[in-house]
2 protein chains.
Amino acid sequence: MTSIDDVARAAGVSTATVSRALRGLPNVSDPTRERIHRIAEDLGYVASSSASGLASGRTHTIGVAVPSVSRWFYTTVLEGVDAALRAANFDMILYNLASRGGDRERVFHRSLLRKRTDALIAIGVDFTSAEREQLLSVGHPLIAIGGPVPGVRNIGIDDRAVARAATEYLIALGHRDILHLGGADDEGLNKRMPADRRLGFLAAMEAAGLPVRDEWLLTGRFSPIVSRGVMLDLFASPGPRPTAVFANSDEMAFGVLLAAQQSGLRVPDDLSVIGIDNHDMAAAFELTTLAQDPHAQGTLGAQVLLDELRGAPPRRSSIRADFELLVRGSTGPPR
Amino acid sequence: MTSIDDVARAAGVSTATVSRALRGLPNVSDPTRERIHRIAEDLGYVASSSASGLASGRTHTIGVAVPSVSRWFYTTVLEGVDAALRAANFDMILYNLASRGGDRERVFHRSLLRKRTDALIAIGVDFTSAEREQLLSVGHPLIAIGGPVPGVRNIGIDDRAVARAATEYLIALGHRDILHLGGADDEGLNKRMPADRRLGFLAAMEAAGLPVRDEWLLTGRFSPIVSRGVMLDLFASPGPRPTAVFANSDEMAFGVLLAAQQSGLRVPDDLSVIGIDNHDMAAAFELTTLAQDPHAQGTLGAQVLLDELRGAPPRRSSIRADFELLVRGSTGPPR
DNA sequence: TTGAAAGCGATACCAT
DNA sequence: ATGGTATCGCTTTCAA
């Protein structure tokens, strides 16, 4: 393995100069710099990240914590983060904080706190207060995306507002019998988000003077399959039926649409469905939704951290991301 | 930041002993070990990964290269990899090799080769021969999952066989007019996989003496939306229609199902659809598919690398993963 | 503009 | 079982 000494020797300069030249620092004459670059290339020299990390205290790496890597929102944020990191020549260590418990704690201890990363992005995760304390005590820049964590600045849409907007749209179409498909408080996931969206739903209903039936406050656990099952059950049982469904995510809305189709209900004539996200497949489903842009949120979050690592003054405040109603074919007036 | 010296001092032992004790190495008396553990805990000491990486040459990190993080197959493998890594206390650096080109090369140079990782898993990526050479020259354990890379051992299903099995099932149902929805050779993605599946399709058709129409060899670029668009076009145009579609992935099959539904075709009466994967949502779509288990493939791949890092003799051969026909409601005899 | 040399914080070998 | 110490490869003053 060729080291910086090899390059220095071959170039007839000191390691200090090689280091400066290769990192683009000033105070290296152009000819020298070029020669060093050429030689490094020839020798296939690449600096050891451990060594430079140890010497400089910076790892050029950002940690990204997600509760799962198989849900659209998270992966889309992830791609946004990745884009920003790549442009800045940073690497990304991915922490899958799926389950609370032993493993989770180990991850925290062994890695997050191990000077392995220069900063941390938490996507849709929730932390215990002990965890939060640890994180903050490390002193690294930290930002949350997609689910407010108390005491941590955050990037994300206004969950109450978006739910309210969705519900109000259904109401404006003339719906009175609206079912809300919420999310479960899965372990380790951020739980304020579904709670806020539910509040937004309730607020809109109340403002319109519409009754909310307990049996129409269901949970799809943010899963299409679960949502479909829940709706199939509902459609199969006797009793009144909603004319519209507001789902906390497009993925759950997909499940609703599939259940409707498989139950012989026509959309939107028999049932209107609205979601949140504008998932990649929403257009294919003709799903009306409140679109947000997780990719941009990820990029922005990464950018904030990168700026601060470059010396920018830390921003303390959270950032509200945009959302927008996108009308497609899954909604219409009640028949 | 407390360092190993602080712990050594507080415990009244040498740094060597602290290091041994904390890493669970032999030759430390039980009382000493316990005392050190306690003190380290109290002081909140966590070893610097850069320092230990530099000294030991091992980073306890595995690199995972994916072409995209937003496709079911990749993320599912990723979760499998993650599970194995977590159990072994390894971290994961994620390389998004989305596009070939400048960035890609930089990622290669700056990170993969920077002794940043102890081993590498390539999921569904394709490498240029230059890239392959570089990778192999680093001498790290390396394994590919989900798309054969020449010269690199691989874990994955037999693509020709799985495509053949899917096609043969349709033929056995009585279908003669079968459309194949393949994948495009996106930049940077593994291209042998779609090619092999196409060969499997063609082989099955030929073996059954069935004609293959050029205009029924379509591409859905592994995307539901694209696939839906392609099929909507087909359904809207005059001319003969296939009675069955074999899609290279469930995600494309979803697009086909949505297009069929939106074109007023009944499944499976008017159109049978079969996919590959057993995607999370396949059951919700009632999609017949050839199921594979990417999670297990990921875990296995990680395990192979971890074993070798622990000194196990390297295995040179590839591993064939299983697949299995899963019949659901999207297939039936032609009407 | 360049070089010499002192760290950075662990690991691992060799003594004891 | 424990300690002393050279070493890993780079960064970063401080001098020249």
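Residue numbering restarts at 1 for every chain, and letters A, B, ... go by the order of the sequence lines. Model, not experiment: these values are computed from the prediction.
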Open item on the list: Between Arg23(A) and Ser19(A), is there a side-chain donor-acceptor contact under 3.5 Å, judged purely by atom types and distance?
Closed with: yes
Open item on the list: Counting the atoms with a prime plus P, OP1 and OP2 as sugar-phosphate, which does Thr32(B) contact under 4.0 Å by heavy atoms, base, sugar-phosphate, or nothing?
Closed with: sugar-phosphate
TODO: Would you kindly give the CZ-to-P distance between Arg58(A) and dC10(D), to the nearest whole Å?
DONE: 18 Å
TODO: Check whether the side chains of Arg33(B) and Ser29(B) place a donor and an acceptor atom closer than 3.5 Å, and report yes or no.
DONE: no
Task: Nucleic acid contacts of residues 18-30 of chain A, taken as heavy-atom distances under 4.0 Å to DNA chain C - done: Arg20(A), Asn27(A), Val28(A), Ser29(A)
- [ ] Evaluate side chain to side chain contact (heavy atoms under 4.5 Å, CB included) for Thr61(A) paired with Phe90(A), printing each intermediate quantity in order.
- [x] CA-CA 5 Å; Thr61(A) 303; Phe90(A) 266 67; 5.6 Å; no
- [ ] May I ask you to say whether Arg153(A) pairs ionically with Glu308(A), meaning some side-chain N is under 4.0 Å from a carboxylate O?
- [x] yes
Open item on the list: Please compare Thr15(A) and Arg35(A) by the position of their nearest nucleotide in DNA chain C and report the one closer to 5'.
Closed with: Arg35(A)
TODO: Name the residue closer to the 5' end of DNA chain D, choosing between Leu54(B) and Ser14(B) according to the nucleotide with the nearest heavy atom.
DONE: Ser14(B)
TODO: Would you tell me if any nitrogen or oxygen in the side chain of Ser48(B) comes within less than 4.0 Å of OP1 or OP2 on dA10(C)?
DONE: no
Open item on the list: As a test of reading the structure: which of dT2(C), dT12(D), dG9(D) is closest to the side chain of Ser56(A), going by heavy atoms?
Closed with: dT12(D)
Open item on the list: With a cut-off of less than 4.0 Å, is there a side-chain N or O of Ser3(B) near OP1 or OP2 of dG9(C)?
Closed with: no
TODO: State which of dC8(D), dG4(D), dA5(C) makes the closest approach to the side chain of Ala55(B).
DONE: dC8(D)
TODO: For Pro150(B) and Arg132(B), work out which heavy atoms get closest and say how close.
DONE: O-CD, 3.0 Å
Open item on the list: Checking Glu79(A) against Ser68(B) for the side chain to side chain contact (heavy atoms under 4.5 Å, CB included) test, could you report, in this order, the C-alpha distance in whole Å, the side-chain angles of both residues, the deciding distance, and whether it holds?
Closed with: CA-CA 8 Å; Glu79(A) 299 218 300; Ser68(B) 138; 4.2 Å; yes
